[in-house]
Amino acid sequence: MDEHDVTLSRHVLIREGTRAPVTDLALILERIALIGKLIARQLAHASIRDELGYTGDTNVQGEKVKWLDEWTNQVFLKTFAHGFPVCSLVSEEMEEVHHRPENCRENSYAVLYDPLDGSSNTDVNGALGTIFSIRRRAPGHGTKIDDILHPGTEQVAAGYILYGPATQLVYTAGNGVDGFTLDLGLGEFVLWRENLRMPRLGSTYAVNQGNLSKWHPGARKFIEHITSRKDKSTSYSLRYTGAFVADFHRCLLEGGLYLYPGEVTSEGKSKGKLRLMYELAPLSFVAEQARGKGSTGKGRILEVNPSAIHERQPVYIGSALEVDLAEQMRVEG
Ligand code: AFP
């Protein structure tokens, strides 16, 4: 380690202007970093140990559960099992909120997470991620969750871990976005970029275009509009990994747009796929803190009032000018 290298735990403690005391954030982020290291190690060895594929169960979302979905969720539960200040865990893999009443006091928090984002990539050695959102718990709420069911503007910190050729952790605590890379020799996340800024415009878009016929006509027109440009300097290339974290990371660094439009139902309603509380709200918080935007196509994701912990919404997230254009073109009606 170079004398100038700064580890995540040290950096969190010296960050100014955060939405929660840095000592609380350091305790929580240090455990999320540990989870990231455990998951990265497990992903590196899962194929050799024959620990890929499905468990045979179906989760709360009606999706088939992969062995690694279950394993990564257990890592969160075990890592946060003991000790203040996290008293509630909300996961894509659990129907109900997991409470630790013994940790629920003044200044306690909930961690909402998708332990393994992009799990269709597990069996093909593709990019994967973990998404997390940290919210305050109101004192005395115990196992009631109405203090968690608030718009994303209430998050005190949020971020993600990307398991690619390198493992990187990116987070915001409300005053800019910082990125860290896992130094495998050291076993520590080391500061890689401070105050990341998303370009106002990019040259790539990420979408499952195979779903085009199911979208609102506005979303179809939008895609037609951005793909019909002939001039090389304004035309777009499609880049889609199947992992929101990986596609978002590209937008954060190089600009561009990730979208998952709603599917129009037989009643004419638009149904999103991605989950508001532990996918869209956290990455919208990161996007906004890096000067980007996150929208449902009709408005700011961070202002959506959730009605359930597993609520889904359409999403248009990335460079500000591209998100603005999507909204102007009334992508969701
Ligand atoms: P999981 O978190 O269940 O793996 O879902 C992945 C995801 O929410 C997002 O990461 C991808 O961009 C998107 O779904 C992929 O969905 P399609 O397979 O329908 O393109």
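Start at 1 and go down the list; that is how both ligands and their atoms are numbered.
For the residue pair S295/E327, the side-chain donor-acceptor check at 3.5 Å is satisfied. E332 and S270 share a side-chain donor-acceptor pair at under 3.5 Å. Side-chain polar atoms of Q209 and Y240 form no donor-acceptor pair below 3.5 angstrom. Side-chain polar atoms of D114 and Y160 form no donor-acceptor pair below 3.5 angstrom.
Atom CD1 of I301 and atom CG of L280 lie 5.0 Å apart (nearest 0.5 Å).
Taking the six-membered ring where tryptophan is involved, the planes of F248 and F244 are perpendicular, since the angle between them exceeds 60° and thus also 30°. The aromatic rings of Y278 and H310 sit perpendicular to each other, their planes meeting at more than 60°, with 30° as the lower class boundary.
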| said: Would E288 and R300 count as a salt bridge (Lys or Arg N to Asp or Glu O under 4.0 Å) here? Give the steps. | reply: CA-CA 10 Å; E288 288 197 6; R300 192 176 170 218; 2.8 Å; yes
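V86 and L112 are not part of a single hydrophobic cluster, where members link through side-chain heavy atoms under 4.5 Å apart.
Within a 6.0 Å radius of CG in N125, other residues, nucleotides and ligands contribute 12 heavy atoms or fewer. When the shell of 6.0 Å around CZ of R41 is examined, it contains 12 or fewer heavy atoms from other residues, nucleotides or ligands.
Both the backbone and the side chain of D117 come within 4.0 Å of ligand 1, judged by heavy-atom distances. With a 4.0 Å heavy-atom cut-off, ligand 1 is reached by the backbone of S119 and by its side chain too. Only the side chain of D114 comes within 4.0 Å of ligand 1, counting heavy atoms alone; its backbone N, CA, C and O stay farther away.
Shortest contact from atom 19 (O) of ligand 1 to any protein heavy atom: Y260 OH, 2.5 Å. Among protein heavy atoms, atom 16 (O) of ligand 1 sits closest to K273 NZ, 2.8 Å. Among all non-hydrogen protein atoms, the one lying nearest atom 12 (O) of ligand 1 is Y258 OH, 2.7 Å. Looking only at heavy atoms of the protein, atom 3 (O) of ligand 1 is closest to E92 OE2, 3.1 Å. What sits closest to atom 1 (P) of ligand 1 on the protein, heavy atoms only, is G118 N, 3.7 Å.
With ligand atoms numbered from 1 in the order given, ligand 1 contributes 2 (O), 8 (O) to contacts under 4.0 Å with heavy atoms of E279. Near G242, meaning under 4.0 Å from any of its heavy atoms, are these atoms of ligand 1: 10 (O), 11 (C), 12 (O), 15 (C). Less than 4.0 angstrom separates some heavy atom of A243 from each of these atoms of ligand 1: 10 (O). Using a 4.0 Å cut-off to heavy atoms of L274, the atoms of ligand 1 that qualify are 8 (O). Counting atoms of ligand 1 from 1 in the listed order, those under 4.0 Å from a heavy atom of R275 are 2 (O), 3 (O), 5 (O), 8 (O). Remark: ligand 1 atoms within the under-4.0 Å shell around heavy atoms of N208 are 17 (P), 19 (O), 20 (O).
For the side-chain contact (heavy atoms from CB on, under 4.5 Å) with S88, the lone residue among V111, I145, I148 that qualifies is I148.
Inclusion of S120 in the set of residues having an N or O under 3.5 Å from an N or O of ligand 1 is not warranted. Residue V245 has no nitrogen or oxygen atom sitting less than 3.5 Å from a nitrogen or oxygen atom of ligand 1, judged on distance alone. Here's the thing with N211: none of its N/O atoms is less than 3.5 angstrom from an N/O atom of ligand 1.
Counting heavy atoms only, Y240 comes closest to atom 13 (C) of ligand 1 of the residues Y278, Y240, F244.
The closest approach between a heavy atom of L116 and any atom of ligand 1 is below 4.0 Å.
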